There are 2 protein chains.
Amino acid sequence: MSDSMEPAEVKRTEALSAEIFTNIANKWALLIINTLGEGTMRFTELCAAVEGVSHKMLAQTLRILERDGVVNRLVHPTVPPRVDYSLTDAGLMLRTTVNAMCVWTRQHVHHIDQARQRFDERQV
Amino acid sequence: MSDSMEPAEVKRTEALSAEIFTNIANKWALLIINTLGEGTMRFTELCAAVEGVSHKMLAQTLRILERDGVVNRLVHPTVPPRVDYSLTDAGLMLRTTVNAMCVWTRQHVHHIDQARQRFDERQV
DNA sequence: TGAGAGAGGAACCTCGAGGTGACCAAGCAG
DNA sequence: CTGCTTGGTCACCTCGAGGTTCCTCTCTCA
């Protein structure tokens with residue numbers, strides 16, 4: 001971030017950051033980014049690969065991610081249509097941190113399971 | 001993850017992971033974890049520090065995070081009550097990845113802003 | 001006497017996230 | 001001529017996320 005920004009510009013940037021964060025810090029977006037990190041996929045493939053997503057949410061989330069320059073959308077003008085989705089460079093960088101979150105989850109499943117049991121006992 | 005797990009155990013672990021991921025991959029949880037990474041805070045401090053959160057959502061999210069062993073809750077038996085929140089060790093590790101996401105957002109604001117303009121022009 | 005302070009809990013209400021299913025376009029196989 | 005294909009969009013409906021407001025508990029200070 002440049003230090004030579006006007007206050008108005010700074011404010012806009014912050015608002016933008018908050019909005020972007022809201023777009024990304026969301027279950028489906030994160031799962032899609034993580035799945036797409038494994039390579040280019042088509043719509044239907046993605047729909048099957050992302051556990052539990054509906055085609056509506058997938059389409060909706062993909063458009064948001066495409067708009068934010070995280071996902072590339074390549075349409076082949078064939079019939080029936082064929083659309084390839086992949087991560088942009090920015091998306092790939094983001095994917096490494098998302099992946100770290102997934103790794104953290106897997107590493108701490110056991111710890112969390114125990115923490116929950118302790119917590120639930122305390123409540124009765 | 002041990003490789004000597006029974007299928008049922010593996011399945012349970014996966015379900016648990018999905019649940020944990022859903023708990024954490026959520027705007028408020030991530031913002032709280034990130035904010036709390038800067039140090040111990042009290043409820044009201046946190047409520048002010050996390051932009052836009054209501055006290056209900058804060059309380060709700062904090063309980064989930066506490067149950068999952070991500071957040072420590074320390075009650076001082078004084079009057080009026082005083083409660084300190086901080087991250088556990090697991091929470092601190094998670095925080096580094098969450099923080100990476102925030103850094104990514106700030107680094108790519110400009111890029112995303114441009115991507116959006118291009119996208120919006122194309123649609124008309 | 002009564003107001004205020006800190007950390008919530010409970011009740012109530014609204015609005016939008018998200019699921020489901022129908023529909024479409026365009027060409028090819030049968 | 002029909003139906004299947006893929007990648008969506010649209011309309012409809014439901015349910016729960018989340019906001020708002022009021023309550024509480026105990027002590028202190030005015």
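So that the names make sense, note that chain A is the first sequence line, chain B the second, and so on, each numbered from 1. Because the structure is a prediction, the values reported are computed rather than measured.
Scored by the salt bridge (Lys or Arg N to Asp or Glu O under 4.0 Å) test, B:Asp89 finds no partners at all (sequence neighbours excluded). Judged as a side-chain hydrogen bond (donor to acceptor under 3.5 Å, both in side chains), and not counting sequence neighbours, A:Arg63 has no contacts. Scored by the side chain to side chain contact (heavy atoms under 4.5 Å, CB included) test, B:Val79 finds no partners at all (sequence neighbours excluded). With sequence neighbours left out, the side chain to side chain contact (heavy atoms under 4.5 Å, CB included) criterion links A:Ala90 to A:Thr88, B:Trp104, B:His108, B:His111.
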Below 3.5 Å, can you tabulate the donor-acceptor pairs from side chains in residues 54-61 of chain B to any protein atom, sequence neighbours excluded?
| unit_1 | atom_1 | unit_2 | atom_2 | d |
| --- | --- | --- | --- | --- |
| B:Ser54 | OG | B:Met57 | N | 3.2 |
| B:Thr61 | OG1 | B:Met57 | O | 2.7 |

Listed pairs under 3.5 Å, donor-acceptor, residues 29-51 of chain A side chains, sequence neighbours left out:
| unit_1 | atom_1 | unit_2 | atom_2 | d |
| --- | --- | --- | --- | --- |
| A:Thr35 | OG1 | A:Leu31 | O | 2.8 |
| A:Glu45 | OE1 | A:Arg42 | N | 2.9 |

Side chains of residues 67-76 of chain B: which donor-acceptor partners sit under 3.5 Å, not counting sequence neighbours?
| unit_1 | atom_1 | unit_2 | atom_2 | d |
| --- | --- | --- | --- | --- |
| B:Arg67 | NH1 | A:Asp120 | OD1 | 2.9 |
| B:Arg67 | NH1 | A:Asp120 | OD2 | 2.6 |
| B:Asp68 | OD1 | A:Arg116 | NE | 2.7 |
| B:Asp68 | OD1 | A:Arg116 | NH2 | 3.1 |
| B:Asp68 | OD2 | B:Asn23 | ND2 | 3.0 |
| B:Arg73 | NE | B:Tyr85 | OH | 3.1 |
| B:His76 | NE2 | B:Asp84 | OD2 | 2.7 |

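B:Thr13 is listed as a side-chain neighbour of A:Val109, based on a closest heavy-atom distance under 4.5 Å. For the pair B:Ile20 and B:Leu16, the minimum side-chain heavy-atom distance is below 4.5 Å.
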(request) Please lay out, stage by stage, how A:Asp113 and B:Arg12 fare under the test salt bridge (charged side-chain N to carboxylate O under 4.0 Å, His left out). (result) CA-CA 11 Å; A:Asp113 199 16; B:Arg12 182 168 171 280; 3.1 Å; yes
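Identified under the salt bridge (Lys or Arg N to Asp or Glu O under 4.0 Å) test for residues 27-36 of chain B, with sequence neighbours left out: none.
Nucleotide C:dG27 holds its P atom 18 Å from the NE2 atom of A:His76, rounded to whole Å.
The stretch residues 27-39 of chain B does not touch DNA chain C, since none of its heavy atoms comes less than 4.0 Å from the strand. Only at 4.0 angstrom or more do the heavy atoms of residues 64-71 of chain B sit from any atom of DNA chain D, so none qualifies.
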(request) Summarise how protein sits on nucleotides 3-9 of chain C as a single string, 5' to 3': B when a protein heavy atom is under 4.0 Å from the base, S for sugar-phosphate-only contact, - for no contact. (result) --BBSBB
Please write out each protein N/O paired with an N/O of nucleotides 12-17 of chain D under 3.5 Å, distance rounded to 0.1 Å.
none

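In this structure, the side chain of B:Thr105 engages the main chain of B:Met101 through a donor-acceptor pair within 3.5 Å.
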